[in-house]
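Notes follow once the structure below has been shown.
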Amino acid sequence: MLSLQYIRENVERVKRDVLLRNTTAPIDRILQLDEDRRGLLQQVEALRAKRNTVSKAIGQSKDAADREIRVAEMRLVGDEIDRLDGRLKKVETELQEKLYEVPNILDPNVPKGPDETSNRVVEVVGELPHFPFAPRPHWEIGEIVGGLDIERGAKMSGSRFYTLRGALARLQRALIQLMLNEHGRAGFTEAYLPYMLNEASLYAAGQLPKFRDNLYRDAEEDYFFIPTAEVAFVNLYRDEIIPAGELPMRFVAHTPCFRREKMSAGRDVRGIKRGHQFEKVEMFVYCEPEQSAAELDLLVAQARSIPAILGLPYRLVELCSGDVGFNATRTFDLEIWAPGQGEWLEVSSASNCLDFQARRANIRYRSGGAQPTRNPHMLNASGLALPRTVIAVMENYQREDGSIAIPEVLQAYMGMDLIPAVTR
RNA sequence: GGAGAGGUGGCAGAGUGGUUUAAUGCAGCCGUCUUGAAAACGGCCGUGGCGCAAGUCACCGGGAGUUCGAAUCUCCCCCUCUCCGCCA
């Protein structure tokens with residue numbers, strides 16, 4: 001959420017960025033409501049001040065007749081306050097709703113463009129592998145080595161669910177451990193978080209009301225399943241004032257993520273690339289505004305360290321204005337090459353959200369001394385999404401017989417250096 | 001799930017309808033004193049909205065109500081603690 005004051009003082013910038021995002025937002029309506037609100041507020045407060053003063057006098061008055069007159073008078077004032085207050089509440093409710101519809105401002109460095117075709121490839125790292133045979137997609141490899149069971153996942157739960165067994169399940173866990181250890185070593189505090197959050201938390205993180213369609217929820221209780229650990233991290237300090245001297249705070253957590261993926265029914269149905277439930281390691285940073293640009297660089301560096309040590313070819317992509325998410329001012333995606341499927345797989349998205357989420361979640365910090373409280377900047381980055389990393393390892397390290405070589409850094413975690421082809 | 005007790009500023013803790021503009025203590029900040037520190041003394045010390053300003057309004061877990069006036073009374077909800085039950 002942007003502050004009203006910022007919108008008021010930067011109308012042209014805000015409108016321009018909304019256009020660059022190829023979307024719409026009710027800026028003019030917001031300005032009108034803001035003006036209405038301030039007018040009503042001043043009237044209501046003047047009446048309240050009057051009532052407070054007179055009511056105090058009534059309490060002290062000894063003259064019964066005089067009291068009667070003033071009480072009657074204040075009853076009328078009270079009615080007028082109720083009337084104006086009702087109008088004020090309506091205005092404030094609509095203003096809040098409309099403010100929720102305004103996306104974050106864009107960083108000036110963001111490339112301009114209407115959709116993902118304008119995204120900028122910043123860097124390609126590593127050689128795309130050349131195989132002396134036709135590389136297989138991971139669902140075929142999974143069948144050869146055994147352990148990837150899509151049918152039973154569908155039987156138990158439905159489409160877009162799968163099970164892993166044996167070495168493949170172990171491969172996923174090894175990758176999680178590796179990621180947590182790498183980020184932990186870089187100073188990120190490991191966190192264990194709830195996987196279900198209440199409705200207020202989903203609003204604070206911006207998932208509601210806009211993305212209700214993509215969330216799973218408990219039908220009877222106030223629990224929503226997290227679509228990403230980011231939602232939990234945003235709420236970690238909701239409605240709090242962080243004491244001076246604690247920023248930056250850097251966290252990492254492994255959680256499952258749950259997404260209905262209703263929008264994309266029919267897409268990416270093969271294999272494990274897009275499921276309703278998947279594991280992810282997520283990094284999150286709370287920092288002072290002056291630090292957030294550097295923190296974004298740090299998050300990108302952390303995320304890309306993972307494909308680097310796994311020896312997986314990847315590329316860094318900066319999202320263009322039309323593709324940057326609602327909350328973010330600037331976003332870098334990390335994509336790993338999957339030679340079997342022949343496509344780049346998005347395994348991480350690193351975003352600087354400035355104070356946009358902090359304002360909505362009512363998070364402030366003290367900068368020390370007599371300074372007023374400020375909203376911290378908040379950033380998030382996957383580090384990384386597991387299924388697609390598993391796919392990348394399977395497809396990049398596959399051998400002609402369908403077995404999978406284990407990258408050297410993973411061998412200790414796995415206790416093996418090869419997932420053999422199973423004779424069937 | 002049942003019974004009971006609670007929820008007030010950074011912390012502790014008063015306050016059951018009107019000098020509460022939330023007492024008091026601790027912690028914190030500034031100053032006096034001191035070579036320095038401690039002690040003592042004096043002052044400051046919550047968050048947010050509106051306003052050029054003076055100032056004003058709101059907030060005592062959340063919401064709704066009663067009243068001229070609510071931290072205080074009523075109703076609903078949430079959370080914490082203790083005991084019981086159930087369970088990993």
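Convention: sequence-line order gives letters A, B, ...; per-chain numbering from 1. Predicted, not measured: the structure shown is a model, and the values here were computed from it.
Taking the P atom of each, rA23(B) and rG43(B) are spaced 15 Å apart, rounded to whole Å. rC57(B) and rG9(B) have their P atoms separated by 23 Å, given to the nearest Å. Rounded to the nearest Å, the gap between the C1' atom of rG49(B) and that of rG42(B) is 34 Å.
For Thr373(A) and rG48(B), the shortest distance from a side-chain N or O to OP1 or OP2 is below 4.0 Å.
Base-pair partner of rA39(B): not found among the strands shown (Watson-Crick or G-U wobble, both distances under 3.5 Å). Using the Watson-Crick or G-U wobble rule with both distances under 3.5 Å, rU74(B) pairs with rA64(B). Across all strands shown, rA14(B) forms no Watson-Crick or G-U wobble pair with both distances under 3.5 Å. In this structure, rG1(B) forms a base pair with rC84(B), meeting either the Watson-Crick or the G-U wobble geometry with both donor-acceptor distances under 3.5 Å. Pair assignment for rA27(B): none, as no Watson-Crick or G-U wobble contacts are both less than 3.5 Å.
No contact: Arg67(A) has no heavy atom under 4.0 Å from any strand. In this structure, Arg8(A) reaches the sugar-phosphate backbone alone: every heavy-atom distance under 4.0 Å involves primed, P, OP1 or OP2 atoms, never a base.
Side-chain atoms of Thr331(A) never come within 3.5 Å of backbone atoms of Leu319(A) as a donor-acceptor pair (strictly under, hydrogens ignored). In this structure, the side chain of Asp36(A) does not engage the main chain of Val91(A) through any donor-acceptor pair within 3.5 Å. Side-chain atoms of Asn198(A) never come within 3.5 Å of backbone atoms of Asp222(A) as a donor-acceptor pair (strictly under, hydrogens ignored).
Ring centroid separation for the pair Phe356(A) and Phe326(A) comes in under the 6.0 Å cut-off. Remark: aromatic rings of Tyr237(A) and Tyr286(A) are close, center separation under 6.0 Å. Checked against a 6.0 Å centroid threshold, the rings of His276(A) and Phe161(A) count as neighbours. Close placement of the Phe233(A) and Phe251(A) rings is indicated, their centers lying within 6.0 Å of each other.
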Worksheet item: How does protein reach along nucleotides 53-65 of chain B, written 5' to 3' as B (base within reach of a heavy atom under 4.0 Å), S (only sugar-phosphate), or - (no contact)?
Response: ---BBS-------
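A salt bridge does not link Arg48(A) with Glu45(A): none of the charged nitrogens is closer than 4.0 Å to a carboxylate oxygen.
Contacts between residues 71-86 of chain A and RNA chain B, defined by a heavy-atom separation below 4.0 Å, involve Val71(A), Met74(A), Arg75(A), listed by number. For the contact set between residues 31-42 of chain A and RNA chain B, defined by any heavy atom under 4.0 Å, the members are Arg37(A), Arg38(A), Leu41(A), Gln42(A).
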